[in-house]
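One structure is given here, and the rest of the page talks about it.
Note that the numbering runs from 1 along the sequence shown for the chain. Atoms within each ligand, like the ligands themselves, are counted from 1 in listed order.
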Amino acid sequence: MRRPLRPQPGSVLGGPLVHLDETASTNDRGRELALAGAPHGTVVVAERQTAGRGRQGRTWTAPPGRALTLSVLARTEAARMELLPLAVALAVCDACEKTAAVECMVKWPNDVWIDGRKVAGILIEARPQDGWAIIGIGLNVDTATEDFPAQLRDTATSLRIATGAAVDRNLGLKELCQGLSDWLAALREPDRVIDAFRARDALSGQRISWTQGGEGMSGQARGIDDTGALVVFTDGGTEVHLDAGEVHLQQRA
Ligand code: BTN
């Protein structure tokens with residue numbers, strides 16, 4: 001049975017909570033609210049997105065009534081935004097673990113994984129010069145295997161699939177807001193964010209590939225540096241620090 005989402009009018013984040021049946025993208029709605037002067041902690045949650053966006057120009061789809069698709073407006077100084085992607089991933093991990101009996105890891109910079117499958121994606125669209133960022137989160141809470149398109153069934157998961165039991169989206173939403181409140185505050189303590197990320201780093205020691213200037217590269221991930229960049233020892237024998245983009249875990253032979 002699909003459980004309706006019944007968000008409270010406000011959340012622990014301190015801003016209003018806007019609950020929409022349908023919108024193109026909660027990130028777009030969040031951006032409009034940011035430009036109109038909405039306060040820090042404003043949350044936009046939608047039951048259905050008609051043009052949900054993912055990273056790297058991809059789309060993001062989620063079955064209505066099963067997932068959480070939401071965006072949060074964070075007003076914070078530019079200097080604190082460097083570690084925002086990692087802090088948000090940590091917030092999502094904490095929220096998942098408080099909502100269901102799961103253990104989460106993070107694939108740099110901010111895909112949240114359970115047992116090597118993606119349970120949540122994060123799309124941050126920031127305007128550091130204006131002191132705000134829209135944090136978009138898609139979290140597969142109560143999604144069943146058959147709700148995913150066939151091509152995602154081997155790589156995606158949900159809290160429901162991971163535990164084998166129905167999971168309450170209202171609890172997930174409450175814990176997400178709590179997690180974001182905690183980890184946005186932790187941006188004042190960069191070492192805490194870095195240490196917590198290192199404890200959840202799914203790529204450390206793994207062989208990965210990525211593209212740079214159109215060229216395919218591969219190497220071994222060696223954790224993150226103090227700015228949150230991914231440290232990689234390339235097959236060419238050099239150490240590089242990746243601060244943006246996407247890396248892929250190579251299949252074991
Ligand atoms: C990814 O590619 O992994 C990021 C996916 C982010 C999806 C969320 S759903 C809520 C918010 N609105 C969007 O259009 N995208 C983000």
Side-chain angles (χ1 to χ4, degrees), residues 5 7 11 13 15 17-35 38 41-74 84-93 95-96 104-114 116-127 132-143 147-149 151-159 169 172-173 175-177 179-180 197 200 202-203 208 210-211 230 244-249:
L5 200 54
S11 77
L13 279 160
L17 201 150
V18 180
H19 182 206
L20 305 171
D21 280 340
E22 183 175 292
T23 191
S25 158
T26 55
N27 267 31
D28 292 347
R29 195 75 194 101
R31 181 174 175 277
E32 286 163 17
L33 291 170
L35 292 171
T42 298
V43 180
V44 181
V45 58
E47 294 291 351
R48 183 195 303 266
Q49 295 186 119
T50 54
R53 287 185 277 113
R55 296 179 70 231
Q56 310 285 325
R58 290 186 293 257
T59 56
W60 181 269
T61 56
R66 297 284 193 199
L68 283 171
T69 48
L70 63 102
S71 299
V72 174
L73 168 59
L84 185 60
L86 309 191
V88 174
L90 294 169
V92 174
C93 288
C96 289
C104 296
M105 302 284 278
V106 185
K107 172 183 169 271
W108 182 91
N110 53 21
D111 279 353
V112 179
W113 281 3
I114 298 172
R117 291 171 186 230
K118 181 163 167 171
V119 70
I122 295 163
L123 176 66
I124 298 177
E125 295 175 317
R127 267 216 204 168
W132 58 263
I134 302 299
I135 302 165
I137 301 172
L139 172 60
N140 300 322
V141 179
D142 204 31
T143 319
D147 293 328
F148 287 116
Q151 69 273 20
L152 291 184
R153 287 183 192 163
D154 289 341
T155 54
T157 192
S158 70
L159 299 182
R169 288 186 307 141
L173 178 60
E175 295 296 353
L176 259 185
C177 291
L180 286 167
F197 189 93
R200 291 193 186 267
L203 294 184
I208 60 166
W210 71 101
T211 52
L230 186 69
E246 184 160 272
V247 299
H248 302 279
L249 193 58

Per-atom filter on ligand 1: closer than 4.0 angstrom to a heavy atom of R55 are 1 (C), 2 (O), 4 (C)
All heavy atoms of C104 vs all of I114, minimum pair found to be SG-CG1, 3.9 Å
- Query: Is there a nitrogen or oxygen of S25 sitting under 3.5 Å from a nitrogen or oxygen of ligand 1?
  - Reply: yes
In ligand 1, the atoms that come under 4.0 Å of a heavy atom of T26 are 10 (C), 11 (C), 12 (N)
The answer for which part of Q56 has a heavy atom under 4.0 Å from ligand 1 is neither
Note: ligand 1 atoms sitting under 4.0 Å from heavy atoms of I122 are 3 (O), 4 (C)
- Does atom CZ of R55 have more than 12 heavy-atom neighbours, drawn from other residues, nucleotides or ligands, at distances under 6.0 Å? yes
For K118, the atoms of ligand 1 under 4.0 Å from one of its heavy atoms are 1 (C), 3 (O)
Atoms of ligand 1 under 4.0 Å from any heavy atom of G52, numbered from 1 in the order shown, are 14 (O)
Looking only at distances, can you tell me whether any N or O atom of T69, backbone or side chain, sits closer than 3.5 Å to an N or O atom of ligand 1?
no
Quick look: L70 vs ligand 1, heavy-atom contacts under 4.0 Å, and the answer is backbone
To the nearest 0.5 Å, atom CG of D154 lies from atom CZ of R117 at 6.0 Å
Rounded to the nearest 0.5 Å, the CG atom of L84 sits from the CD1 atom of I135 at a distance of 4.5 Å
Around atom CZ of R31, are there more than 12 heavy atoms from other residues, nucleotides or ligands closer than 6.0 Å? no
The reported gap from CD in E246 to CG in L230 (rounded to nearest 0.5 angstrom) is 12.0 Å
Problem set entry | Derivation of the side-chain contact (heavy atoms from CB on, under 4.5 Å) call for T69 and W60 | CA-CA 9 Å; T69 48; W60 181 269; 4.2 Å; yes
Correct closest heavy-atom pair for G245 and P109 would be O-CD, 4.2 Å
Per-atom filter on ligand 1: closer than 4.0 angstrom to a heavy atom of G54 are 1 (C), 2 (O), 4 (C), 5 (C)
Separation between NZ (K107) and CG (L203), nearest 0.5 Å, reads 6.5 Å
For atom 9 (S) of ligand 1, the closest protein heavy atom turns out to be Q49 NE2, 3.4 Å
If we number the atoms of ligand 1 from 1 as shown, the ones under 4.0 Å from a heavy atom of R53 are 5 (C), 6 (C), 7 (C), 13 (C), 14 (O), 15 (N), 16 (C)
Ranked by distance from atom 5 (C) of ligand 1, the top protein heavy atom is W60 CE3, 3.3 Å
